[in-house]
Amino acid sequence: MESTKQMENGVASIKEEGFLSRMALNDNKAGMEGLDRDKINKIIMETSKGSKFYENELKRDQQVNQRITKMMLQKARITEQQLKKAQAQVRSVEKSRDLSRVIVHVDMDAFYAAVEMRDCPELKDKPMAVGSTSMLSTSNYHARKYGVRAAMPGFIAKKLCPSLVIVPLNFDKYRAVSNEIREIFADYDPNFQPMSLDEAYLDFTDHLEQRQHWPESARTHHFRKKAEPSQEAVTEVRELSPVLFEDSPGSSPSPVGPEGVHAPAGDFEVFGTSVEEAVREMRFRIEQKTMLTASAGIAPNMMLAKVCSDKNKPNGQYRLPSTREAVMDFIQNLPVRKVCGIGKVSEKMLNALGISTCSHLGQQMALLSLLFSETAWHHFLEVSLGLGSTYIPRHEERKSMSTERFFNNFNSYLIV
DNA sequence: GCGGATCAC
DNA sequence: TATGGTGATCCGC
């Protein structure tokens with residue numbers, strides 16, 4: 001489904017079919033819809049050709065191709081016994097499904113770029129990226145329209161978008177903002193797990209239980225006040241927030257439901273007691289405190305929450321209901337590449353077997369048990385069933401995670 | 001165990 | 001001119 005058309009365009013005289021999957025623009029992330037990928041990839045390839053980097057990538061791609069060839073040879077035989085074993089495992093893993101937790105993944109929108117835009121309003125209208133001529137960390141929406149994105153070298157980005165402004169990294173500033181948002185995270189889950197400066201997993205379960213008994217006053221939050229409060233304070237403040245994307249979906253409109261959720265009437269807003277309201281409240285507080293927006297995903301486990309947080313990015317949220325049906329529906333057409341832990345190489349190997357979505361994964365478990373390691377296979381199995389971790393380790397526990405995982409895996413062997 | 005590969009940020 | 005730096009895990013030796 002990928003690059004044959006591009007190859008015909010003479011982008012490269014490379015025999016290897018999938019080399020572009022390594023080099024080319026990665027549209028796995030948000031904000032890349034509807035741009036001229038062929039043209040962008042052509043520039044990327046032409047600029048890269050002949051460089052040390054290019055040769056190295058070529059070599060590594062050939063190694064992957066060898067792995068695939070080897071794998072295809074093994075594909076030949078599959079025993080009845082292996083098929084039975086696969087089915088037994090599916091049943092035992094299914095029994096471990098836990099839908100009782102509410103896991104949230106939060107992710108700041110274009111974090112570094114958004115911080116720089118906030119602090120330098122002239123940048124708002126310009127295509128801009130944070131990093132250097134060698135490497136960009138992130139870019140704003142305007143730059144993304146040109147194909148400029150994270151992990152792209154700045155000098156290639158300049159070819160794609162000559163007017164691009166590159167702002168150097170300002171880690172102290174990002175750390176300070178990160179501390180601000182982490183204070184808010186802690187109100188919802190004191191054991192939240194930060195993944196980086198701008199991203200975290202939270203377990204909302206306990207918060208939600210308490211929240212049911214909270215009075216409105218505890219769920220009321222104010223808009224940021226200006227130093228000299230004018231009548232237009234609220235709207236003025238809203239304009240301060242950096243506009244990241246033109247087609248931002250925005251927060252899901254607060255449903256005026258049985259809880260009586262109201263649109264903001266004055267300089268404050270009352271949030272309801274549902275998960276969605278709690279997460280909306282958290283994002284509201286982040287925006288009021290930092291003038292930056294965040295996106296969030298709500299799901300019964302970490303793997304799903306992460307995928308969900310990408311769904312309505314930027315400045316949006318998505319909730320996946322905690323039922324087996326909803327989860328399986330959601331998984332059905334989900335590309336395997338979207339799943340945390342499945343990267344470029346795994347994707348390419350799975351594609352070689354005709355597997356591109358999670359439902360394909362489920363259909364091919366017997367085959368995969370023959371071609372992949374026990375741990376990789378087990379991971380694929382969980383993904384195909386929409387399973388993931390429901391336990392978020394606290395900071396201190398992270399170091400002992402390796403033994404933790406060992407025991408979990410070990411136990412699942414014993415069950416079979 | 002150790003080095004190489006993969007993955008995520 | 002020029003394609004990150006780091007930490008974690010897994011795999012095969």
Side-chain angles (χ1 to χ4, degrees), chain A residues 19 21-26 28-30 41 43-68 70-71 105-113 129-139 147-160 164 166 168-169 171 174-175 178 193-201 302-303 306-307 309-310 336-350 371-380 383 388-389 393 395 397-410:
Chain A
F19 184 51
S21 71
R22 194 176 248 310
M23 295 290 292
L25 184 72
N26 171 356
N28 190 31
K29 289 269 163 68
N41 286 335
I43 294 178
I44 293 175
M45 294 302 268
E46 281 173 355
T47 312
S48 300
K49 199 174 295 181
S51 68
K52 259 277 172 29
F53 175 80
Y54 180 92
E55 297 303 327
N56 193 250
E57 289 296 290
L58 202 56
K59 207 178 80 190
R60 289 172 66 184
D61 185 63
Q62 283 162 358
Q63 280 177 13
V64 172
N65 287 337
Q66 281 180 6
R67 274 178 73 182
I68 291 177
K70 217 171 120 188
M71 181 178 75
H105 179 259
V106 209
D107 198 357
M108 298 296 289
D109 301 320
F111 186 45
Y112 300 169
V130 179
S132 69
T133 51
S134 332
M135 186 53 57
L136 302 180
S137 285
T138 188
S139 56
V148 174
R149 54 158 305 123
M152 176 180 279
F155 69 93
I156 288 181
K158 275 282 196 183
K159 292 206 171 176
L160 292 172
L164 181 74
I166 297 181
L169 283 157
F171 266 111
Y174 314 141
R175 248 190 301 273
S178 186
Q193 182 183 341
M195 299 305 290
S196 62
L197 290 181
D198 77 316
E199 197 179 312
Y201 288 97
M302 292 170 78
M303 177 252 136
K306 169 90 168 132
V307 178
S309 72
D310 204 46
V336 289
R337 183 65 177 89
K338 292 274 186 188
V339 176
C340 195
I342 299 182
K344 282 179 181 177
V345 174
S346 301
E347 179 193 29
K348 189 170 177 177
M349 294 186 68
L350 291 172
L371 303 178
F372 287 85
S373 71
E374 195 76 29
T375 34
W377 182 79
H378 197 265
H379 182 236
F380 292 152
V383 170
S389 177
H395 300 232
E397 283 181 49
R398 284 202 71 189
K399 279 177 186 161
S400 64
M401 203 168 64
S402 52
T403 57
E404 187 94 36
R405 238 187 227 172
F406 171 75
F407 281 118
N408 283 341
N409 284 340
F410 191 61

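Convention: sequence-line order gives letters A, B, ...; per-chain numbering from 1. We use all heavy atoms of the structure for the numbers below, so side chains are in, but hydrogens, waters and symmetry mates are not. Values in this document were obtained by computation on a predicted structure and should not be read as measured data.
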Query raised in the report: Roughly, in whole Å, what's the span from CG in A:L136 to P in B:dC9?
Result: 18 Å

Query raised in the report: Could you walk me through whether A:L136 and A:I166 pass the side-chain contact (heavy atoms from CB on, under 4.5 Å) check?
Result: CA-CA 8 Å; A:L136 302 180; A:I166 297 181; 4.1 Å; yes

Query - Nucleotide B:dC9, atom P - distance to CD of A:Q193 in whole Å - result: 12 Å

Requested in this report: Could you point out which residue of A:K52, A:K344, A:R22 forms a salt bridge (charged side-chain N to carboxylate O under 4.0 Å, His left out) with A:E57?
Outcome: A:R22

Query raised in the report: A:K159: what forms a side chain to side chain contact (heavy atoms under 4.5 Å, CB included) with it, not counting sequence neighbours?
Result: A:I43, A:T47

Query raised in the report: Is A:I342 touching bases, backbone alone, or none of the nucleic acid, heavy atoms closer than 4.0 Å?
Result: sugar-phosphate

Report task. Measure distances between side-chain N and O atoms of A:S48 and base N and O atoms of C:dT3, and say whether any donor-acceptor pair falls under 3.5 Å. Result -> yes

Query raised in the report: For A:Y54 and C:dA2, what is the distance between atoms OH and P respectively, to the nearest whole Å?
Result: 16 Å

Are any protein N/O atoms closer than 3.5 Å to N/O atoms in nucleotides 1-5 of chain B? If there are, list each pair with its distance.
residue, atom, partner, partner atom, Å
B:dA5, OP1, A:Q63, OE1, 3.4

Report summary line: Sequence neighbours excluded, the answer for side chain to side chain donor-acceptor pair (under 3.5 Å) partners of A:S309 is A:H105

**Report entry** P atoms of B:dA8 and C:dT3, separation to the nearest Å
**Finding:** 23 Å

Using nucleotides 11-13 of chain C, report all nitrogen or oxygen pairs with the protein that are shorter than 3.5 Å.
residue, atom, partner, partner atom, Å
C:dC11, OP1, A:S373, OG, 2.2
C:dC11, OP1, A:T375, OG1, 2.3
C:dC11, OP2, A:T375, OG1, 3.4

**Report entry** Protein-nucleotide distance (A:Y112, atom OH; C:dG5, atom C1'), rounded to Å
**Finding:** 12 Å

Report task. Apply ring pair (Phe, Tyr, Trp, His ring centres under 6.0 Å) to A:Y112 and list each qualifying residue two or more places apart in sequence or on a separate chain. Result -> A:F171, A:Y174

Report task. Evaluate side-chain contact (heavy atoms from CB on, under 4.5 Å) for A:T133 paired with A:K158, printing each intermediate quantity in order. Result -> CA-CA 8 Å; A:T133 51; A:K158 275 282 196 183; 5.9 Å; no

Report summary line: A:K338 atom NZ is separated from B:dA8 atom P, nearest whole Å, by 12 Å

Query raised in the report: Please give, in whole Å, the distance from C:dT3 C1' to A:K158 NZ?
Result: 17 Å

Query - Given A:K348, A:K70, A:R60, the one that forms side-chain hydrogen bond (donor to acceptor under 3.5 Å, both in side chains) with A:N65 - result: A:K348

Report summary line: When rounded to whole Å, the CZ to P distance for the pair A:R149 and B:dA8 reads 13 Å

Query raised in the report: Using a cut-off of 4.0 Å on non-hydrogen atoms, how would the nucleic acid contact of A:E199 be classed: base, sugar-phosphate, or nothing?
Result: sugar-phosphate

Report task. May I have the distance from A:N56 (atom CG) to C:dA2 (atom P), rounded to whole angstrom? Result -> 15 Å

**Report entry** B:dC9 phosphate, OP1 or OP2, under 4.0 Å from A:S137 side-chain N/O
**Finding:** no

Query raised in the report: Quick one: does A:K49's side chain have a donor or acceptor within less than 3.5 Å of a partner on A:Y54's backbone?
Result: no

Report task. Would you indicate what A:K344 reaches in the nucleic acid, counting non-hydrogen atoms under 4.0 angstrom: base, sugar-phosphate, or nothing? Result -> sugar-phosphate

Query raised in the report: From the list C:dA2, B:dA8, B:dC9, which nucleotide is the closest neighbour of the side chain of A:T133?
Result: C:dA2

Requested in this report: Identify which nucleotide among B:dC7, B:dA8, B:dC9 has an atom closest to any side-chain atom of A:R337, counting heavy atoms from C-beta outward.
Outcome: B:dA8

**Report entry** Any residue meeting ring pair (Phe, Tyr, Trp, His ring centres under 6.0 Å) with A:F53, in chain and number order, not counting sequence neighbours
**Finding:** none

Report task. Flag the pair A:R337 / A:N26 as yes when at least one side-chain heavy-atom distance between them is below 4.5 Å, and no otherwise. Result -> yes

Query raised in the report: Out of C:dG4, B:dT6, B:dC9, which has the shortest distance to the side chain of A:S346?
Result: B:dT6

